[in-house]
Amino acid sequence: MIAPELINAWLRAGEAAGAAHRLRVPRDAMRGHSGRCLGRHAGASVDFMDYRDYQPGDDPRGVDWHVFARSDRLMMKLYRAEVNPHLDIVLDCSASMGVNEEKTQCAVKTAALLAAAALNAGCTWQCWRVAGGLARHGGASQRASAWPALVFSGASGLGLVRGGAVPLRRAGLRVVISDLWWDEPPEVCMQVLAQSAAIVTIVHILAEEERAPAMHGPLRLRDSETEELLQLTVDAQTLAAYGQGLMRHCTAWEQACRRAQAHFVGLYGGAAVERMLCDAGVLE
Amino acid sequence: MALWFAYPWALLGALAVPVLIGVYLLRARPQARVVPSLLVWRMVVRTHVSGRRPVLQRVPWIALLESVIIVLLVLAAAGVRAPRVRADAALALVLDDSASMRAPRRWRRVSVWCKGRGARAVWRCLPGAGRACCRTRRLAALY
């Protein structure tokens with residue numbers, strides 16, 4: 001169990017790191033409610049966008065009467081919409097994320113960094129926690145350092161996929177921060193996550209201990225989430241097989257992300273979060 | 001032919017053998033470890049261990065070797081002794097009773113002492129039946 005003070009310190013550190021960055025918002029995400037950014041579609045801002053022919057039912061206040069006087073044609077003047085792109089930060093708060101302090105720190109800092117970068121980009125955001133289900137965490141666009149205490153317990157993955165539809169904002173940006181120890185096939189998870197999203201980014205976090213476990217001899221392994229036990233003798237051959245299995249698991253997720261046109265960012269063994277997110281095109 | 005020990009208390013050192021085997025068995029017990037997920041470990045077990053017999057907890061060869069070494073050290077410390085001759089074997093004692101042995105008085109004591117020391121060593125190795133073979137008056141007088 002990680003002390004809440006420690007988690008708050010990590011949130012503040014992530015927020016401070018995110019202050020120097022902006023979230024890169026793709027054009028597809030320029031939709032939504034009225035806000036501070038110019039969207040892709042016609043709306044009610046003062047920025048001229050285009051002309052189109054008048055169609056029955058159009059508001060006559062939008063007709064450009066100067067054009068009608070010159071050309072005797074009814075033309076509608078279109079303006080750019082003002083939107084607020086939205087970011088949904090889905091943070092895996094299952095027990096597996098709390099086993100290793102290094103992993104927890106990386107996840108919490110990444111979430112706070114993204115929230116701060118979203119603020120700089122003029123986005124609204126909402127944090128969600130995955131722990132046997134998807135639940136809101138904190139208020140909308142609430143500063144990360146003011147989030148309620150994060151508790152890492154329970155199962156992961158299942159709640160997200162079982163329900164079919166996810167209660168995330170349509171046409172919004174979605175960032176999933178997880179260790180991806182989910183039993184569901186990656187394709188199914190990505191299908192659900194990418195549904196009606198502008199862009200999905202999967203941030204895969206693994207601790208060094210998970211990538212290259214320092215184990216040897218007869219062991220009784222206990223799953224941190226399900227309490228399931230597995231007895232085996234670990235030798236060099238077993239560790240090599242584990243490495244291959246882990247690589248297959250990561251590759252499967254990477255391929256599923258590519259098929260769903262999502263970003264996949266692997267933060268392994270204490271990698272520099274900011275640099276990795278910038279390289280992946282999530283931050284700028 | 002019965003063995004006997006010069007220092008029987010040293011045999012208590014043999015208690016180290018069961019202790020050693022106990023230590024090995026305890027070390028061979030699987031250690032409990034908490035892992036984030038068994039997802040990949042289950043795949044590893046399915047790939048590499050399926051169809052195999054479960055490995056029983058065994059004492060490794062090195063433990064047996066160490067036990068043997070401990071037993072040998074204990075026996076050495078206890079001073080195990082075995083009679084060099086069989087009880088039913090005949091013993092011939094040859095004593096030099098030549099003229100040279102009848103030296104002047106000042107030499108006689110030395111020769112008797114030498115003779116007596118050699119005979120005493122033989123005497124110690126003899127079981128009861130063998131001692132009856134010593135019939136020389138001079139040797140009998142020494143003991």
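A, B, ... follow the sequence lines: proteins, then strands. Residue 1 opens every chain. Heavy-atom basis, side chains included; hydrogens, waters and symmetry copies ignored.
Scanning all heavy atoms of the two residues, the minimum distance from Leu230(A) to Arg42(B) falls at CD2-N, 4.2 Å. Taking each heavy atom of Ser224(A) and Pro36(B) in turn, the nearest pair found is OG-O, 2.8 Å.
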Full working for side-chain contact (heavy atoms from CB on, under 4.5 Å) between Met215(A) and Arg33(B): CA-CA 9 Å; Met215(A) 299 175 177; Arg33(B) 289 281 290 265; 3.6 Å; yes
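In this structure, the portions of Glu228(A) lying under 4.5 Å from any heavy atom of chain B include both its backbone and its side chain.
Looking at Leu219(A), Leu221(A), Val99(A) one by one, the single match for side chain to side chain contact (heavy atoms under 4.5 Å, CB included) with Val35(B) turns out to be Leu221(A).
Looking at heavy atoms from C-beta onward, Arg220(A) lies out of side-chain contact with Gln31(B) at the 4.5 angstrom threshold. Inter-residue side-chain proximity for Leu39(B) and Trp182(A) is flagged as unmet; no heavy-atom pair is nearer than 4.5 Å. Taking 4.5 Å as the limit, every side-chain heavy atom of Trp41(B) sits out of range of all side-chain heavy atoms of Asp223(A).
Applying the 6.0 Å contact sphere to CD of Glu66(B) captures more than 12 heavy atoms from other residues, nucleotides or ligands. For Glu187(A), the CD atom is densely surrounded, since the number of other residues' heavy atoms within 6.0 Å is greater than 12. Within a 6.0 Å radius of CD in Glu209(A), other residues, nucleotides and ligands contribute 12 heavy atoms or fewer.
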